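Read the structure below first, then the notes.
For clarity, every value in this text was computed on a predicted model and none was experimentally measured.
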Amino acid sequence: MKISDLMKMGLRNLGRRKARTALTVVGIVIGTISIVVMISIGIGMNQSFRENLMQYGSFTVINMDKNQVSFDEKGNYSEKKQKLNDKLIAKLKQIPHVKTVSPVIGLSVKLKTGNYETESRINVMDADSFEDLEFPKLKNNKNYERSNSRSKIKIWGGPEAFQGFSNPNAATYQPKKVNPEKDRIVMMVYDEETLPRDDKGNLKIQLKEYATDIAIFDNVAYNEYSYNLYMDKGQFMNIYKDYVKQLPIDKKKKAEKRLKEYDGIKINADSVENVRDIQDAINEMGFKSSSMSDYTKQIESFSKTIQMVLGGVGAISMLVAAISIANTMIMSIYERTKEIGVMKVLGCHIGDIKKLFLFEAAMMGLIGGVIGITCSYVGSYLLNTFGGALGSALNMFGGEGESVSKLSVIPLWLPFVASGFAIIIGIVSGYYPASRATKISAIEAMKNE
């Protein structure tokens, strides 16, 4: 029997029992929708978790802190004080796959505009490393070009870092909204640990004011980049040395130590795959580090478990559909016993009879799979459009507006896997009835009324 004849006969047989075929296909549709939507929700959760983590840093960035906090596999907390200096930085640069290494010095500064001022925190780093460390883009297409000027300080920062300006001499609280790109703002080193004060708390030295050239991060979520300031280490060294010269001997020694030991070190790997190897190398050196990969392992493990549970729910629906196909095909054999006998008497190969029934079962799986996938896209759209309450309950939103994560994400491979699975379910479900059809005696089948 030609394949084309077999296909025509199979489709005609399905069309003769429209109601039964339709009900069986509905079962496959429900099963496919369950699998695709459930798995898409799991994928959406995983994607959302990763997007939320991305707000706190790149997946290729490794952090080393002076007081490094870590947790073991049992969740036990530990803290280790580490000596971070230029000698260590030189060793870190020798580790394979390390792209960039930058020290981090955290310092308090005072910003002032007219009679209004505020205190903020500035992170001193190598400006050349900012782009490699995937710092946010800057407004007005500004760049991270460093400056060696002693009179004007180049500062990069988030909009939140310039909030809280007020007049300290006013009798009542007088806030001021400052535009850091337009207003003239001066900066003073205000390192509380080293500032000399008298018994009344008044400063013993006159703080030097530096004009600023400020560039603002563009489109940053509420994270470290939104409320921190950054400046280049080279320029910082110049102004900090001027600051140290004014200090008494006891404070001067403490301040000079800041230039030798860092508060942190940021390392950028050349790819995500090499982050773990670099951290292992750091551990072998006797130091602790942290990265986003420390959290993604736990999150991805949890996400996979969720996907398996949700996929299992869909698989149960598909199992019910498989039983429905098997039942439909068995009933079809009973009704078509005489037809099978006629085919055998006319010399039809047994293999062709089996192929006919398997084709019919596969077609029900394919039709149900295609319809189910189409409905899944509709369901996914409705979930993403109207499932805000559910998404918030699952803490899946990484922001507002356009940055909101999708509740359901259907990757390109999922429809193909789902439709293939539906066809396989149809074939597997129809295999026993097809085998049974081939075993029917032609003589007995001809006697059947």
Side-chain angles (χ1 to χ4, degrees), residues 104-125 127 130 135-136 138-140 142 144-218 220 222 224-248 251-252 254-256 258-259 263:
V104 180
I105 301 173
L107 194 69
S108 293
V109 295
K110 181 174 284 189
L111 303 177
K112 189 175 180 181
T113 176
N115 295 325
Y116 296 85
E117 59 185 50
T118 186
E119 290 185 27
S120 188
R121 180 175 177 82
I122 198 163
N123 291 315
V124 180
M125 299 176 61
F130 288 169
F135 270 47
L138 300 169
K139 287 185 176 180
N140 302 320
K142 290 188 177 181
Y144 287 105
E145 183 179 352
R146 66 167 66 204
S147 171
N148 294 318
S149 172
R150 281 180 172 267
S151 59
K152 198 167 190 178
I153 306 302
K154 189 78 175 277
I155 295 176
W156 301 272
E160 299 294 331
F162 299 94
Q163 303 298 319
F165 276 84
S166 63
N167 188 346
N169 300 317
T172 59
Y173 176 65
Q174 294 182 2
K176 176 180 174 64
K177 189 174 182 180
V178 175
N179 186 334
E181 295 179 288
K182 293 183 178 180
D183 296 335
R184 182 180 181 275
I185 298 176
V186 296
M187 187 194 83
M188 296 166 280
V189 176
Y190 204 74
D191 185 12
E192 195 61 54
E193 294 182 17
T194 57
L195 282 174
R197 296 180 182 272
D198 59 24
D199 296 337
K200 295 182 180 179
N202 299 317
L203 292 178
K204 291 183 179 182
I205 61 173
Q206 180 68 37
L207 297 177
K208 186 176 180 179
E209 297 181 353
Y210 296 90
T212 60
D213 176 17
I214 298 172
I216 303 298
F217 296 137
D218 193 18
V220 290
Y222 192 76
E224 64 172 300
Y225 296 117
S226 66
Y227 55 80
N228 274 345
L229 300 175
Y230 297 85
M231 70 176 295
D232 178 58
K233 182 188 172 188
Q235 194 174 38
F236 162 77
M237 296 291 274
N238 293 331
I239 67 171
Y240 200 71
K241 286 176 182 177
D242 293 340
Y243 167 74
V244 171
K245 289 178 183 178
Q246 306 177 71
L247 302 178
K251 296 288 186 180
K252 186 176 292 186
K254 194 170 186 178
E256 287 175 344
R258 271 196 173 278
L259 305 181
D263 296 307

Practice problem: Take Leu207 and Leu195 through the test side-chain contact (heavy atoms from CB on, under 4.5 Å) and record every step on the way to the result. | Solution: CA-CA 10 Å; Leu207 297 177; Leu195 282 174; 3.9 Å; yes

As a quick check of understanding, evaluate side-chain contact (heavy atoms from CB on, under 4.5 Å) for Thr194 and Tyr240, giving each step before the final call.
CA-CA 12 Å; Thr194 57; Tyr240 200 71; 4.2 Å; yes

Would you sort out whether Thr113 and Phe162 count as a side-chain contact (heavy atoms from CB on, under 4.5 Å), showing the intermediate values? CA-CA 11 Å; Thr113 176; Phe162 299 94; over 6 Å; no

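Under 3.5 Å, the side chains of Asp191 and Tyr243 contain no donor-acceptor pair of N or O atoms.
The nearest pair of heavy atoms linking Asn115 to Asn167 is O-OD1, 3.4 Å. The minimum heavy-atom distance between Gln206 and Gln246, with the atom names listed, is O-OE1, 2.8 Å. The two residues Ser120 and Leu111 have their closest heavy-atom pair at CB-CD1, 4.4 Å. Of all non-hydrogen atoms in Thr118 and Gln163, the two that sit nearest each other are OG1-O, 3.5 Å. Annotation for Tyr225 and Phe217: closest pair O-CD1, 3.1 Å, computed over non-hydrogen atoms. Across all their heavy atoms, Met187 and Met231 have their closest contact at CE-SD, 4.5 Å.
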Counting only pairs under 3.5 Å, give me each side-chain donor-acceptor contact of residues 169-186, with atom names and distances, residues two or more places apart or in other chains.
from	atom 1	to	atom 2	distance (Å)
Asn179	OD1	Glu181	N	3.1
Glu181	OE2	Asn140	ND2	3.1
Asp183	OD2	Asn179	N	2.9

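In this structure, Asp263 contributes its side chain and Gly106 its backbone to a donor-acceptor pair below 3.5 Å. Proximity of a side-chain donor or acceptor of Lys152 to a complementary backbone N or O of Asp213 within less than 3.5 Å is not detected. Remark: side-chain polar atoms of Lys142 are paired, donor with acceptor, to backbone N or O of Ile214 under 3.5 angstrom.
Going from atom CG of Asp232 over to atom CD1 of Ile155 covers 12.0 Å, rounded to the nearest 0.5 Å. Atoms CD and CG, on Glu193 and Leu107 in that order, are 9.0 Å from each other to the nearest 0.5 Å. In this structure, CD in Gln235 is found 9.5 Å from CZ in Arg146, a value given to the nearest 0.5 Å.
Ring to ring, Trp156 and Phe135 are not that close: their centroids are 6.0 angstrom or more apart. Checked against the 6.0 Å centroid criterion, the rings of Phe165 and Tyr116 do not qualify as a close aromatic pair.
Counting only residues at least two apart or in different chains, salt bridge (charged side-chain N to carboxylate O under 4.0 Å, His left out) contacts with residues 195-210 comprise Lys112-Glu209, Glu192-Arg197.
The aromatic rings of Tyr144 and Phe130 stand perpendicular to each other, their planes meeting at an angle above 60°, with 30° marking the opposite boundary.
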